[in-house]
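Contents: one structure, followed by commentary.
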Amino acid sequence: MAMDVRQIVAALLTVSMFVMLGNMIKRDHFDSLEVIVFDRSFLIWFLNFGKYKAIKVSKQGLVKVIGATKGVWKGDEDALKPCWNKPLPKEGGQSRGFIIFSLTDGPEYHVSQIADAVVVATYLGATLVLPHIRGTKPRDTRSFGEIYNEKKFVKSLDGIVRIAKYRPPQLSVKKLTAVRVPNRVSEAYIATNIEPVFKTKGNLSLETHFPSSTTMNAKEFEYFDSLSCLAMFGTLELQSELKQVVGLMVERLRALSRKSNGPFVAVDLRVEMLENKECRESGDFGKLWCYNAVEVGEFLKGIGFHKNTTIYLTQSGWHSLLDPLRQSYPKTYPKEDIRPTGKKAKLLNIEISEFAKIVDFHICSESDVFVPAKSGLFYTNVVGKRIASRKTQILVPSKTTSSSSSDAHISPYISKKSHSAFSCFC
């Protein structure tokens, strides 16, 4: 008796599914996420027969088999949504004055500088001039559009604050009155210290002042209003070509980690950091200002990361001081080992510090796990981006790893929900 075609197809799909499950069991684990497309009716039968609670079926007929991965990675949660309302512009309309500022020192500073400038310009009713990006060397200046998406920035602030693409020719930067503003500037500070100067001068040049301490007071990050939330989390996006190149680097790291059946871990660890005088023991027991390659390796081993874990370092090229980490984790890569080749490599010149910092910031924001080997603004603002996308696996090293659980080392920004991003997303 001839078999019906549907019976043959169903039989093949059944065999394929059980072969896949057999291979998973043989490897003693399930990959963090396996996605296979099958006929929906077959999936319903399989679920009813097998009763796998960890299998989800989407409307598109996708089945997700989710299980525990080797190591301590728990995977990402669903992305959060912005819970701020679109801010309203200050009553009274726009003035004829301009606010001019520059982005400096790297993307972890850029997000704060943007937020402060937007808050000040909106409060004063001034026009905000699109900033240039200043490098570390004299006269090393780039346009905003070389790094960030201009259209996205302007559109996100439409109806809130007026944006001028270019500085009016009659405004000389040398003749502008410069005003230093503290990071996370308040309306009270603007009213007392900035508004009187603005009314007198008409135009101002802003410079955000950051605290010299390498640590941040958690209370300073407990709450953001709608305008600050929008400015910090809803305005900056990489320009398309740069975004694509960084995306290729992230995907390469993911591909390497899949071969190891585990996550890829981004560690903010650079040689220049280790040579800094700030790398000293703090007052908190078991805590350091920063951790070296030996200490990071011991920390990762202590909480259960296996030796084949893929690790990305924020170091551009390899240095002998990093050898101890690679001895423990052979699949450890600096930027130069994973950057694209050919035309894409020319676009992303990691020899230029501004581009290197951009790569680091976004890879650390996208990695499966983030480990900050040093506290500071980079750590704080990477955490903010990760909270927005629910990538909350952020593990802070310590000198002692008596507890084998990674939960004991979850960033207090996450465990205590003390980061401002929690007031911006829900």
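Only a predicted model underlies this, so the values are computations on that prediction, with no experimental measurement involved.
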Query raised in the report: Passes side chain to side chain contact (heavy atoms under 4.5 Å, CB included), Phe299 versus Leu395? Steps please.
Result: CA-CA 10 Å; Phe299 169 72; Leu395 306 178; 4.1 Å; yes
Report task. Given side chain to side chain contact (heavy atoms under 4.5 Å, CB included), test Ile114 with Met232 step by step and report yes or no. Result -> CA-CA 7 Å; Ile114 286 289; Met232 198 160 194; over 6 Å; no
Report task. For the pair Leu253 and Ser367, evaluate side chain to side chain contact (heavy atoms under 4.5 Å, CB included) and give the outcome as yes or no after the intermediate values. Result -> CA-CA 9 Å; Leu253 287 163; Ser367 62; over 6 Å; no
Report task. For the pair Leu238 and Ile358, evaluate side chain to side chain contact (heavy atoms under 4.5 Å, CB included) and give the outcome as yes or no after the intermediate values. Result -> CA-CA 9 Å; Leu238 294 181; Ile358 288 290; 3.8 Å; yes
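Cysteines Cys229 and Cys424 have SG atoms closer than 2.5 angstrom.
What you find for Ser156 and Gly234 is that their closest heavy atoms are CB-O, 3.3 Å. Minimum interatomic distance between Leu206 and Ala117 (heavy atoms only, all atoms of both residues): CD1-CA, 4.0 Å. In terms of heavy-atom proximity, Ser328 sits nearest to Lys301 at OG-NZ, 3.7 Å. The minimum heavy-atom distance linking Pro131 with Ser102 is given by the pair CB-CA, 4.1 Å. The shortest heavy-atom contact between Ser316 and Ala356 is OG-CB, 4.1 Å. Nearest approach of Pro340 to Val245, heavy atoms of both residues: CG-CG1, 3.7 Å.
For the atom pair Ile99 CD1 and Arg162 CZ, the distance stands at 13.5 Å (nearest 0.5 Å). A distance of 9.0 Å separates CD1 in Ile163 from OG1 in Thr235, rounded to the nearest 0.5 Å. Distance OG/Ser143 to CD1/Ile133: 7.0 Å, rounded to 0.5 Å. Between the CD1 atom in Ile100 and the OG1 atom in Thr127 there is a gap of 10.5 Å [rounded to 0.5 Å]. Between the CG atom of Asn85 and the CG atom of Leu230 there is a distance of 11.0 Å, given to the nearest 0.5 Å. To the nearest 0.5 angstrom, Lys335 atom NZ is 3.5 Å from Asp360 atom CG.
Checking side-chain atoms of Tyr329 against main-chain N and O of Phe305 turns up a donor-acceptor pair under 3.5 Å. In this structure, the side chain of Gln315 engages the main chain of Val271 through a donor-acceptor pair within 3.5 Å. Remark: side-chain polar atoms of Glu295 are paired, donor with acceptor, to backbone N or O of Asn292 under 3.5 angstrom.
Between Val267 and Leu325, the closest side-chain pair of non-hydrogen atoms is not below 4.5 Å. Side chains of Thr122 and Leu227 form a contact here, defined as non-hydrogen atoms less than 4.5 Å apart. With a 4.5 Å cut-off on side-chain heavy atoms, Lys385 and His362 count as touching. Annotation: side chain of Glu298 is not in contact with side chain of Pro324 (no heavy-atom distance under 4.5 Å). For the pair Leu128/Phe101, a side-chain contact is recorded, criterion being any heavy-atom separation below 4.5 Å from C-beta on. With a 4.5 Å cut-off on side-chain heavy atoms, Glu146 and Gln239 do not count as touching. No side-chain heavy atom of Tyr189 sits under 4.5 Å from any side-chain heavy atom of Val119. Taking 4.5 Å as the limit, every side-chain heavy atom of Leu130 sits out of range of all side-chain heavy atoms of Tyr166.
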Can you give each donor-acceptor pair under 3.5 Å made by side-chain atoms of residues 104-111, sequence neighbours left out, with the distance rounded to 0.1 Å?
from: Thr104; atom 1: OG1; to: Gln113; atom 2: NE2; distance (Å): 2.8
from: His110; atom 1: ND1; to: Tyr148; atom 2: OH; distance (Å): 2.8
from: His110; atom 1: NE2; to: Gly106; atom 2: O; distance (Å): 3.4

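For Glu187, the salt bridge (charged side-chain N to carboxylate O under 4.0 Å, His left out) criterion is met by no residue, not counting sequence neighbours. Tyr333 is linked by a ring pair (Phe, Tyr, Trp, His ring centres under 6.0 Å) to nothing, counting only residues two or more places apart in sequence or in another chain. Contacts of Lys152 classified as side chain to side chain contact (heavy atoms under 4.5 Å, CB included), with partners at least two apart in sequence or in another chain: Asn149, Glu237. Among residues two or more places apart in sequence or in another chain, the salt bridge (charged side-chain N to carboxylate O under 4.0 Å, His left out) test is passed with Asp116 by none. For Arg270, the salt bridge (charged side-chain N to carboxylate O under 4.0 Å, His left out) test picks out Asp268, Glu272, with sequence neighbours left out. Remark: Lys165 pairs with Glu150 by the salt bridge (charged side-chain N to carboxylate O under 4.0 Å, His left out) rule, at least two apart or across chains. Partners of Asp323 according to the side chain to side chain donor-acceptor pair (under 3.5 Å) rule, which considers only residues two or more places apart in sequence or in another chain, are Trp318. Applying the ring pair (Phe, Tyr, Trp, His ring centres under 6.0 Å) test to Phe425 and every residue at least two apart in sequence or in another chain returns Trp84, Phe233. Under the rule for a side chain to side chain contact (heavy atoms under 4.5 Å, CB included), the partners of Pro168 that lie at least two apart in sequence or sit in another chain are Phe98, Val129, Gln170, Leu171. Residues that satisfy the side chain to side chain donor-acceptor pair (under 3.5 Å) test with Lys331, not counting sequence neighbours, are Ser260. For Tyr379, the ring pair (Phe, Tyr, Trp, His ring centres under 6.0 Å) criterion is met by Tyr413, not counting sequence neighbours.
Within 6.0 Å of CZ in Arg134 there are 12 or fewer heavy atoms belonging to other residues, nucleotides or ligands.
Results of the salt bridge (Lys or Arg N to Asp or Glu O under 4.0 Å) test with Asp368 over Arg386, Lys391, Arg254 single out Arg254 as the only residue that passes.
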